[in-house]
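Structure first, commentary second.
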Amino acid sequence: MSEEAASVDESVLRTDVVIIGAGPVGLFAAFEAGVLGLSCHIVDALEEVGGQCIELYPEKPIFDIPAVPVCTARQLVERLTEQCKPFAPPIHLAQRVMQVERQEQTKRWRVATDRGLVFDTAAIMLAAGNGAFVPQRVGLPEAQALEGRHVHYAVRKRAMFDDSRVVVAGGGDSALDWVLALRGHARHITLVHRRDAFRAAEATVQEVKRAAAAGELDIVIGTIAALNAPDGVLQSIGVKTIGGATAIEADHLIALYGLVADLGPIADWGIDVRAGRVAVDTSYYETSVPGIFAVGDIAVYPNKQKLILSGFHEASLALRKAYSYAYPDKKRVHVHSSYDATLSERILGSQAAEEVHS
Ligand SMILES: Cc1cc2nc3c(=O)[nH]c(=O)nc-3n(C[C@H](O)[C@H](O)[C@H](O)COP(=O)(O)OP(=O)(O)OC[C@H]3O[C@@H](n4cnc5c(N)ncnc54)[C@H](O)[C@@H]3O)c2cc1C
């Protein structure tokens, strides 16, 4: 990994590559960056790495990763994380890259997240899949103004709900897990779900039903129809039920409807976006803007296959061109990893590397 040059503004993180997205392709890109001697930072909107593999199918087996006959999606992410560890790429989670701006003077990029991180980078690797995973929001106009105070899409501090009347909406694992976890803390808990069947683990569903039968919480089958919040203070939640309507007195609504992918600001960065994908030239998977690359599911080109192994290949080639932006005066000489003494030392340690290369 190259040494990071001192930045004029110390709050700005200077690096060779910013990788947007910590899905399987972003993680492999971080490893490849290390192999090529490039420093990188990874940013992801989610609270953990793994992209679709972790959000959509963590326990499903994958059979088409070369030399791995079978592993679950979670295991693949664990292995990719392990693989990039020798290079210790900083990973910044739970924040979304919002702005990308070309610095004409330095010919570098300024990249900013919604949590105030700013990078100064030679190249940008978009490994953003279908866009950032963001919570599916309550589809009521009054919900937005209450967000963060009375309407929540995640539980960051459980203590916030102590001694309150809480409505949890949703029927998956997160909703049911939080309903159970809030027992003994919230004053009153109601689970609202649109149907009488849940998508959570069977043991969790049974525990929720048992708790409801024991009077520890209520279950209401219906959909959230109104938030009654005079003067911006939530007082009750209107629920449309099969037979009619009801109102539940509440201080907080925690809506856990799952995540949706949203391309969001990427569409405003001046790159060629076609039907939600970023067009690239397949020589180096560079976008229409030199210095910004797109790899993995977000990239589109003729015959593109949305497969993890395609993303690995794309990242590997893109980083070779990214190198020329980071080090325009250096010529990178290719060495197979099996003969790369520096790489051996970094991954195996100096003694083992010496034995391998002696
Ligand atoms: C059910 C299912 C099964 C599958 N099975 C297989 C299989 O067997 N084999 C196979 O090869 N492929 C399979 N796939 C496809 C595979 O999962 C995808 O090809 C792969 O996840 C793409 O990886 P990626 O890193 O490009 O994007 P993703 O995995 O989508 O990760 C992108 C990441 O970027 C983040 N992000 C996006 N925009 C921003 C932003 N502005 N700021 C910060 N973060 C951002 C997102 O939050 C996300 O975490 C399957 C997919 C599904 C849904």
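Counting starts at 1 for both ligands and their atoms, following the listed order. Atoms considered below: every heavy atom in the structure, side chains included; atoms not considered: hydrogens, waters and symmetry mates.
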- Query: Any chance the rings of Phe28 and Phe312 have centres within less than 6.0 Å?
  - Reply: yes

Show me the side-chain donor-acceptor pairs of residues 53-72 shorter than 3.5 Å, one per line, residues at least two apart or across chains.
| unit_1 | atom_1 | unit_2 | atom_2 | d |
| --- | --- | --- | --- | --- |
| Glu59 | OE2 | Arg74 | NE | 3.1 |
| Glu59 | OE2 | Arg74 | NH2 | 3.4 |
| Thr72 | OG1 | Gln75 | N | 3.0 |
| Thr72 | OG1 | Gln75 | OE1 | 3.4 |

- Please confirm whether Lys60 comes under 4.0 Å of ligand 1, counting heavy atoms of the residue only. no

- Task: Show which atoms of ligand 1 fall inside a sub-4.0 Å distance from at least one heavy-atom site of Gly296.
- Result: 26 (O)

- Message: Using a 6.0 Å distance limit plus a 45 degree cone around the ring axis, check whether Arg320 lies over the aromatic ring of Tyr284.
- Response: no

- Query: Counting distance only, does the side-chain N/O of Arg149 pair as donor-acceptor with the main-chain N or O of Ala145 below 3.5 Å?
  - Reply: yes

- Message: Give the atom numbers and elements of ligand 1 that come within less than 4.0 Å of a heavy atom of Ala127.
- Response: 32 (C), 33 (C), 34 (O)

- Message: Among all the protein's non-hydrogen atoms, which is closest to atom 48 (C) of ligand 1, and how far away is it?
- Response: Asp44 OD2, 3.4 Å

- Message: List ligand 1 atoms under 4.0 Å from Val25, heavy atoms only on the residue side.
- Response: 23 (O), 24 (P), 25 (O), 26 (O)

- Note on the structure: Closest to atom 38 (N) of ligand 1 among protein heavy atoms sits Ala132 N, 3.1 Å

- Distance filter under 4.0 Å to Gly23 heavy atoms, resulting ligand 1 atoms: 25 (O), 29 (O), 31 (O)

- Message: Show the atoms of ligand 1 that are less than 4.0 angstrom away from any heavy atom in Leu56.
- Response: 53 (C)

- Query: What atoms in ligand 1 come closer than 4.0 Å to a heavy atom of Gln95?
  - Reply: 43 (C)

- Part of Leu263 with heavy atoms under 4.0 Å of ligand 1, whether side chain, backbone, both or neither: neither

- Message: Taking the ring of His150 and the ring of His152, is the distance between their centroids below 6.0 Å?
- Response: no

- Closest heavy-atom approach to atom 41 (N) of ligand 1 among Leu307, Val97, Val77 is made by Val97

- Query: Just heavy atoms, cut-off under 4.0 Å: does Asp64 contact ligand 1 by side chain, backbone, both, or neither?
  - Reply: side chain

- Taking the side chain from Arg183 and the backbone from Leu180, do they hold a donor-acceptor pair closer than 3.5 Å? yes

- Task: Kindly say whether Val239 contributes a backbone atom to a donor-acceptor pair with the side chain of Thr246 at under 3.5 angstrom?
- Result: no

- Message: Evaluate Ile62 for polar contact with ligand 1, using N/O atom pairs at a separation under 3.5 Å.
- Response: no

- Query: Would you say ligand 1 has an N or O under 3.5 Å from any N or O of Pro61?
  - Reply: no

- Query: Identify the closest protein heavy atom to atom 30 (O) of ligand 1: which residue and atom is it, and at what distance?
  - Reply: Gln52 NE2, 2.8 Å

- Message: Ring centres under 6.0 Å, that's the criterion: do Phe119 and His41 meet it?
- Response: yes

- Message: Please report whether ligand 1 has a polar contact with Tyr57, defined as an N or O pair separated by less than 3.5 Å (distance criterion only).
- Response: yes

- Item | Atom indices of ligand 1, in the order listed, that fall short of 4.0 Å to a heavy atom of Phe133 | 46 (C), 47 (O), 48 (C)

- Query: Okay, side chain of Ser164, backbone of Val166: is any donor-acceptor separation there less than 3.5 Å?
  - Reply: no

- Item | Heteroatom proximity flag, Ala45 to ligand 1, N/O under 3.5 Å | yes

- Partners of Ser344 by side chain to side chain donor-acceptor pair (under 3.5 Å), sequence neighbours excluded? His357

